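In what follows, a structure is listed as structure tokens, so that the remarks can point back to it.
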Amino acid sequence: MSLSGEEILGLVAGVCTTIAVIPQIKKAWKTKKVRDVSPGMFGILMLGVGLWVVYGIMQNDLPIIATNGVSLGLNSVMMYLMIRYREK
């Protein structure tokens, strides 16, 4: 199976947006501080990424489904950390 230039571009873009949250997750996990992280922003981001997964399913586009599915999982981890470590 050969990938077109557009497919490669889409995969690279998807990987970049998927891994972008990893440094924030690592920092929150290590420091247990999430005070300056916006749960509203992550909620909206998760909604958008979830909609991309639905779109990918509707289009039968595995790269969109895979990259956004992983992104949704990683953003869910960050949201969990924000709930777990929020200051009371």
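Scope of the values below: all heavy atoms of this structure, side chains included, with no hydrogens, waters or symmetry mates. Only a predicted model underlies this, so the values are computations on that prediction, with no experimental measurement involved.
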Joint hydrophobic cluster, Ile19 plus Val70, side-chain heavy atoms closer than 4.5 Å: yes
Shortest non-hydrogen contact between Ile25 and Val77, atoms and distance: CG2-CG1, 4.1 Å
Of all heavy-atom pairs linking Met78 and Ala28, the shortest is CE-CB, 3.7 Å
So ring pair (Phe, Tyr, Trp, His ring centres under 6.0 Å) across residues 34-68, not counting sequence neighbours, yields Trp52-Tyr55
Does Tyr85 belong to the same Ile/Leu/Val/Met/Phe/Trp/Tyr cluster as Ile22, with side-chain heavy atoms less than 4.5 Å apart forming each link? yes
What's the spacing between Ser38 OG and Ile44 CD1 if we round to 0.5 Å? 7.5 Å
From Asn68 atom CG to Thr17 atom OG1, the distance as rounded to the nearest 0.5 Å: 6.0 Å
Strictly by side chain to side chain donor-acceptor pair (under 3.5 Å), give each pair with a member in residues 26-37 just once, sequence neighbours left out. none
For Leu72 and Met46 the tightest heavy-atom approach is CD1-O, 3.6 Å
Let me confirm one number: the CE-CG distance from Met79 to Leu74, rounded to the nearest 0.5 Å. 13.5 Å
Between Glu7 (side chain only) and Ser4 (backbone N and O only), is there a donor and an acceptor less than 3.5 Å apart? yes
Residues Gln59, Ile64; criterion side-chain contact (heavy atoms from CB on, under 4.5 Å); working and verdict: CA-CA 9 Å; Gln59 296 296 315; Ile64 290 176; 5.9 Å; no
From Met58 atom CE to Leu51 atom CG, the distance as rounded to the nearest 0.5 Å: 10.5 Å
Which atom of Leu11 lies closest to which atom of Pro63, heavy atoms considered: CD2-CB, 3.4 Å
Say whether Met41 and Val21 are linked into one hydrophobic cluster, either directly or through other cluster members, by side-chain heavy-atom distances under 4.5 angstrom. yes
Common cluster, Leu3/Val12, ILVMFWY with side-chain heavy-atom separation under 4.5 Å: yes
Going by side chain to side chain donor-acceptor pair (under 3.5 Å), name the pairs with one or both residues in residues 72-82, residues two or more places apart or in two chains. Ser71-Asn75
Val34 to Arg86 - nearest heavy-atom pair and separation: CG2-N, 3.9 Å
